[in-house]
Amino acid sequence: MSKRTVSKRAMVAAGLAVFALLVGSESIAALRGARQAPTQVPATAALGAAPERAAPTPEPVPSPATRDPVPTPTGDPADQRPSATVTGGTPGASARPAVDESLLQRRTGGRQVALTFDDGPHPKWTPLILDELRAAGARATFCVVGAQVRRYPALVVRMVREGHTLCNHTWSHELDLGSQSADEIRANLLRTNKEIHKVVPGVPIELFRHPGGLWTPKVVTVVEELGMVPLDWDVDPQDWRKPTKEKLVSQVTAEVRLGSIILLHDGGGDRSATVAALPAVVHELRQRYGITLLGASLSP
């Protein structure tokens with residue numbers, strides 16, 4: 001083999017080696033660039049669409065004293081609950097002025113206990129609860145929402161006809177009522193009372209219950225100025241969380257004591273468990289304490 005041929009082959013080999021090195025460097029650089037480059041944002045996200053998320057897990061079950069549920073004000077209210085709880089079980093209480101607890105009616109004042117139902121009337125659940133109460137010969141207090149009274153007046157007529165008492169529960173379940181001015185609070189309560197009296201003229205409306213139990217001194221003052229009693233509770237089985245019938249019965253019977261006021265619901269969502277549990281609840285309460293009907297005469 002000639003020196004010229006060897007020289008040519010050496011040059012070709014050297015050229016191929018340089019080419020391989022260059023290609024390899026470009027590949028490595030490309031790989032590094034790809035790793036360092038920011039993740040591409042989908043077009044929908046760039047336009048502001050929220051990324052898909054797993055369904056949120058339910059909130060932890062608050063203490064038995066947790067305040068009343070809180071549906072949206074109109075139509076078939078969906079369950080919406082205040083999430084913050086503080087000592088005493090009152091959601092958001094740390095951000096609100098303290099209320100003199102002695103001004104709130106949480107007990108009946110005697111041995112007998114009382115049943116209360118909030119957030120109605122509801123076209124499906126209220127009639128079923130009224131049926132169960134009539135079958136058991138028991139009477140209760142219905143804390144009604146003004147907007148619902150306007151939609152289903154016949155159910156309010158039936159409540160009164162069958163011997164139950166009515167409680168003002170605001171016009172549209174305003175959780176923030178206590179943050180409003182005294183004039184706004186007064187107007188809300190008077191509007192609700194007026195709507196009730198359109199349906200059942202002359203019927204006493206002696207009680208008011210704040211949605212969520214979010215009482216403030218201003219609300220309590222207005223309620224008392226209007227001649228009503230601030231109605232609270234001391235037993236809350238949280239039927240708005242849709243427990244089983246068995247669990248609902250066991251919670252009520254475990255928490256009830258002399259003079260308890262029990263919070264249940266005929267509106268605000270699916271109340272099938274409440275309806276199913278009611279016969280057993282009424283039977284147990286009647287056997288142990290007896291059941292009374294609330295009114296202003298029982299105020300503390």
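Remember, predicted model here, so these are calculated numbers, not experimental data. We number each residue from 1, following the sequence as shown.
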Undergrad: With a 4.5 Å heavy-atom cut-off, do Arg191 and Trp171 have their side chains touching?
TA: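 In contact.
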
Undergrad: Do the side chain of Trp240 and the main chain of Leu264 share a donor and acceptor less than 3.5 angstrom apart?
TA: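 It does not hold such a pair.
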
Undergrad: Are any side-chain N or O atoms of His210 and backbone N or O atoms of Gly213, one a donor and one an acceptor, separated by less than 3.5 Å?
TA: no

Undergrad: Check the side chains of Asp232 and Gln105 for a donor-acceptor pair under 3.5 angstrom, ignoring hydrogens and angles.
TA: no

Undergrad: Report the C-alpha distance between Asp176 and Gln180 in whole Å, list the side-chain angles of each, state the deciding distance to 0.1 Å, and finish with yes or no for side chain to side chain contact (heavy atoms under 4.5 Å, CB included).
TA: CA-CA 7 Å; Asp176 65 345; Gln180 300 177 21; 3.5 Å; yes

Undergrad: Would you compute the distance between atom OG1 of Thr292 and atom CG of Leu285 and round it to the nearest 0.5 angstrom?
TA: 12.5 Å

Undergrad: Should we say atom NZ of Lys218 is surrounded by more than 12 heavy atoms from elsewhere, each under 6.0 Å from it?
TA: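 Enclosed.
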
Undergrad: Between His265 and Gly267, is there a donor-acceptor pair closer than 3.5 Å when you use the side chain of the first and the backbone of the second?
TA: no

Undergrad: With a 3.5 Å distance limit and no angle check, can you tell me whether Arg257 reaches the backbone of Ala254 through a side-chain donor-acceptor pair?
TA: no

Undergrad: Just verifying a value: how many Å separate Arg241 CZ and Asp236 CG, rounded to the nearest 0.5 Å?
TA: 9.5 Å

Undergrad: Rounded to the nearest 0.5 Å, what's the gap from CG on Asp239 to CZ on Phe117? Could you check?
TA: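 Spacing of CG (Asp239) from CZ (Phe117) equals 8.5 Å.
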
Undergrad: Considering residues at least two apart in sequence or located in another chain, which fulfil the salt bridge (Lys or Arg N to Asp or Glu O under 4.0 Å) criterion with Lys194?
TA: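 Listed in chain order: nothing, the list is empty.
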
Undergrad: Hey, is the main chain of Trp125 close enough, under 3.5 Å, to the side chain of Asp266 for a donor-acceptor pair?
TA: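 Between the backbone of Trp125 and the side chain of Asp266 there is no qualifying donor-acceptor contact (under 3.5 Å).
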
Undergrad: Answer yes or no: is there a side-chain heavy-atom contact under 4.5 Å between Phe208 and His169?
TA: no

Undergrad: I'd like to know if the side chain of Gln148 and the backbone of Gly120 have a donor-acceptor N/O pair within less than 3.5 Å.
TA: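 Pair absent, no side-chain N/O of Gln148 close to backbone of Gly120.
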
Undergrad: Determine yes or no for a side-chain-to-main-chain donor-acceptor pair under 3.5 angstrom, with Arg158 supplying the side chain and Ala154 the backbone.
TA: no

Undergrad: Less than 4.5 Å apart, side chain to side chain, heavy atoms only: is that true for Met228 and Asn193?
TA: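 They are in side-chain contact.
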
Undergrad: Hey, are the side chains of Leu263 and Gln238 touching, using non-hydrogen atoms and a 4.5 Å cut-off?
TA: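 Side chain of Leu263 against side chain of Gln238, heavy atoms only: no contact under 4.5 Å found.
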
Undergrad: Can you tell me if Ser260 uses its side chain to pair, donor with acceptor, with the backbone of Val256 under 3.5 Å?
TA: no

Undergrad: Going from CG on Leu294 to OG1 on Thr141, what distance comes out if it is rounded to the nearest 0.5 angstrom?
TA: 4.0 Å

Undergrad: Hey, does Ile261 have a side-chain heavy atom less than 4.5 Å from the side chain of Arg209?
TA: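 Yes - at least one pair of side-chain heavy atoms lies under 4.5 Å apart.
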
Undergrad: Which distance, rounded to the nearest 0.5 Å, do you find between the SG of Cys143 and the CG of Leu231?
TA: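 Going from SG on Cys143 over to CG on Leu231, the span is 5.5 Å.
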
Undergrad: Step by step, would you call Glu225 with Arg186 a salt bridge (charged side-chain N to carboxylate O under 4.0 Å, His left out)?
TA: CA-CA 9 Å; Glu225 285 175 355; Arg186 187 176 297 105; 2.9 Å; yes

Undergrad: Does atom NE2 of His283 have more than 12 heavy-atom neighbours from other groups under 6.0 Å away?
TA: no

Undergrad: Taking Ser172's backbone N and O only, do any of them form a donor-acceptor pair with Glu174's side chain (distance below 3.5 Å, no angle check)?
TA: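 Present.
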
Undergrad: Can you check whether Gly110's main-chain N or O pairs, donor with acceptor, with Thr108's side chain at less than 3.5 Å?
TA: yes

Undergrad: Given side-chain hydrogen bond (donor to acceptor under 3.5 Å, both in side chains), test Thr170 with Asn188 step by step and report yes or no.
TA: CA-CA 6 Å; Thr170 71; Asn188 186 305; 4.7 Å; no

Undergrad: Rounded to the nearest 0.5 Å, how far does CG of Leu190 lie from NE2 of His197?
TA: 11.0 Å

Undergrad: Are more than 12 heavy atoms from other residues, nucleotides or ligands located less than 6.0 Å from atom NZ of Lys124?
TA: no

Undergrad: Distance only, no hydrogens: is a donor on one side chain within 3.5 Å (strictly under) of an acceptor on the other, for Arg288 and Thr253?
TA: no

Undergrad: Does a side-chain heavy-atom distance below 4.5 Å link Leu104 with Val220?
TA: yes

